[in-house]
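Input: a single structure, listed below in structure tokens.
Numbered from 1 within each chain, the chains take letters A, B, ... in sequence-line order. Given the structure is predicted, the values throughout are model-derived calculations rather than measurements.
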There are 2 protein chains.
Amino acid sequence: MSGYYSLLQNIERYVAPGAEAREAFFSILREVVVKKRQFIVQPGFVCIHQSYVVQGSFRAFFLSDQGVEHTLQFAVEDWFISDFNSYINQTPASLFVEALENGRILQMAHDDVEALCSRYPVFERYFRIVAQKSFAFAQRRILSNIGKSAEQRYLEFYELYPDIVGRVPQYALASYLGMTPEFLSKIRKRL
Amino acid sequence: MSGYYSLLQNIERYVAPGAEAREAFFSILREVVVKKRQFIVQPGFVCIHQSYVVQGSFRAFFLSDQGVEHTLQFAVEDWFISDFNSYINQTPASLFVEALENGRILQMAHDDVEALCSRYPVFERYFRIVAQKSFAFAQRRILSNIGKSAEQRYLEFYELYPDIVGRVPQYALASYLGMTPEFLSKIRKRL
DNA sequence: CATAAATCTTGAACTGCTTCAAGTAAATCT
DNA sequence: AGATTTACTTGAAGCAGTTCAAGATTTATG
């Protein structure tokens, strides 16, 4: 039950669902335990669920034809993660979503969420706000990618998410920041 | 009236508002004529409106401390543009939004949109879907930025938006793709 | 249409970042 | 605890992309 409460808190930062809507929402959630290195999404399979992280850390990454990994997103407690493109269009995923630590997530299936939103506009609103914030966030990252040096990108990330820096493997962070692990190692040395 | 119809068509790709909701929506729209090189958003001012492009082309860009421009988004007919971060949080903008050609837009004020969404959940849904698609799109761009070479990024953009390539200044496209105008010129030469 | 302003091109020198390879350290498993 | 895998470090060489500067071309304006 613990995870339900923290997700509810997240929701109540933006909207105030009534008791009935809240119960309806809880009823579509499923708590899942995941082990380190486990994949909760894999390329080729449709990403049915969106996952809210109760405990643990995760990453979504793309594996290029040449075998290079590109981390698109990290998620720790109180964040959502999925192959979002696959999730909203219900098309086959192109990303892996991997647990970086043992953890627990709350999964909600796409069709259940859609039905819930149709019935309770308060959730339509919640997911609109979340999507808008996610978009604004992604735009800030794009600006950082096109405008800043590798060192600046690392420092910016470190300022924003010092906890994540200490919690994920360095090669994963490097692939998120768009540089090689070797170069990230060198940046850290000279700072 | 012409612009209203094409925006309505856009909406009806995702949802089906009733006559009343439709009229309420139309009532918050304002059609504005803009001249080439005109700014419709400027840093420091809160971005009150979201703009739907009826005719013309626009770009949103960030001007760094060193005076370098970084284009975050282009918009042509049937696209939305704004400083989205400023718009959703109603905080001062950090971007310019500039008309690249003479054009016409439909502006809708933040507070009017919010009120409309509260009253007509069908619009809540519409803007949720638009935000989700925008986010998924931004994620694809991030992958392209962190994983691909300058030449690959250009080719990818050219495939997706051949029309835009021919329509916007090359320095603007270069700053969108995260490279110098000189280098884009060289890429185009060798292709 | 002539002049100015803005945009694009080209080359040469330079540098931030990658690649490759080998060694060290730290997790993970039995 | 010892063995094995996984992750991180370091240096040397190479290259993708930048910077600077000058000229050519296109677009705007009186």
Where do N or O atoms of nucleotides 5-8 of chain D meet protein N or O atoms at under 3.5 Å, pair by pair?
{"unit_1": "D:dA7", "atom_1": "OP1", "unit_2": "A:Y171", "atom_2": "OH", "d": "2.9"}
{"unit_1": "D:dC8", "atom_1": "OP1", "unit_2": "A:Q170", "atom_2": "N", "d": "2.8"}
{"unit_1": "D:dC8", "atom_1": "OP2", "unit_2": "A:Q170", "atom_2": "N", "d": "3.2"}
{"unit_1": "D:dC8", "atom_1": "OP2", "unit_2": "A:Y171", "atom_2": "N", "d": "3.2"}

*Relative to each other, are the rings of A:F62 and A:H70 parallel, tilted or perpendicular (30° and 60° limits)?*
parallel
*Establish whether A:F123 and B:F127 are linked, either directly or via other cluster members, by ILVMFWY side-chain heavy-atom contacts under 4.5 Å.*
yes
*asked:* So for the helix from C:dC1-D:dG30 to C:dT30-D:dA1, with five pairs setting each end axis, what is the inter-axis angle to 10°?
replied: 60°
*Could you list where the contact with chain B starts and ends along DNA chain C, reading 5' to 3', using a 4.0 Å heavy-atom cut-off?*
C:dA6 to C:dA12
_For B:R125, is there an ion pair with A:E114 - N to carboxylate O distance below 4.0 angstrom?_
yes
_Residues which pass salt bridge (Lys or Arg N to Asp or Glu O under 4.0 Å) with B:R59, listed by chain and number, not counting sequence neighbours_ = B:E69, B:E98
_Qualifying side chain to side chain donor-acceptor pair (under 3.5 Å) pairs, either residue in residues 18-27 of chain A, two or more places apart_ = A:E20-A:Y120
_Separation between CG of A:L116 and CG of A:D112, rounded to the nearest 0.5 Å_ = 8.5 Å
*Where along residues 140-157 of chain B does a heavy atom come under 4.0 Å from DNA chain D, residue by residue in number order?*
B:S149, B:A150
Each nucleotide N or O in nucleotides 19-21 of chain D that has a protein N or O under 3.5 Å away: list the pair and distance.
none

*Whole-Å distance between D:dT27 P and B:N102 CG?*
15 Å
*Mutual orientation of the aromatic rings belonging to B:Y14 and B:Y126 [parallel < 30°, tilted 30-60°, perpendicular > 60°]*: tilted
*asked:* If the condition is salt bridge (Lys or Arg N to Asp or Glu O under 4.0 Å), which residues does B:R13 pass it with, not counting sequence neighbours?
replied: B:D78
*Calculate the interatomic distance between A:L184 atom CG and D:dT10 atom P; express it in whole Å.*
13 Å
Side-chain donor-acceptor contacts of residues 173-184 of chain B below 3.5 Å, not counting sequence neighbours, with atom names and distances?
{"unit_1": "B:S175", "atom_1": "OG", "unit_2": "B:T71", "atom_2": "N", "d": "3.2"}
{"unit_1": "B:S175", "atom_1": "OG", "unit_2": "B:T71", "atom_2": "OG1", "d": "2.6"}
{"unit_1": "B:S175", "atom_1": "OG", "unit_2": "B:A172", "atom_2": "O", "d": "3.0"}
{"unit_1": "B:T180", "atom_1": "OG1", "unit_2": "B:F183", "atom_2": "N", "d": "3.2"}

*For B:K35, all residues meeting side-chain contact (heavy atoms from CB on, under 4.5 Å), sequence neighbours excluded*: B:Q38, B:N102
*Is it possible for you to say whether A:V41 and A:F39 belong to one hydrophobic cluster, with membership spreading through side-chain heavy-atom contacts below 4.5 Å?*
no
_Run the salt bridge (Lys or Arg N to Asp or Glu O under 4.0 Å) test against A:E12 and tell me which residues pass, sequence neighbours left out._
none
*List in chain and number order the residues that pass salt bridge (Lys or Arg N to Asp or Glu O under 4.0 Å) with A:R167, two or more places apart in sequence or in another chain; answer none if no residue qualifies.*
A:E77, A:E101
_Nearest whole Å is fine: how far is D:dG11 C1' from A:R190 CZ?_
15 Å
*From the options A:N10, A:L29, A:I81, select the one residue that forms a side chain to side chain contact (heavy atoms under 4.5 Å, CB included) with A:Y52.*
A:N10
*Hey, is A:E156 close enough to A:R140 for a salt bridge, meaning N to O under 4.0 Å?*
no
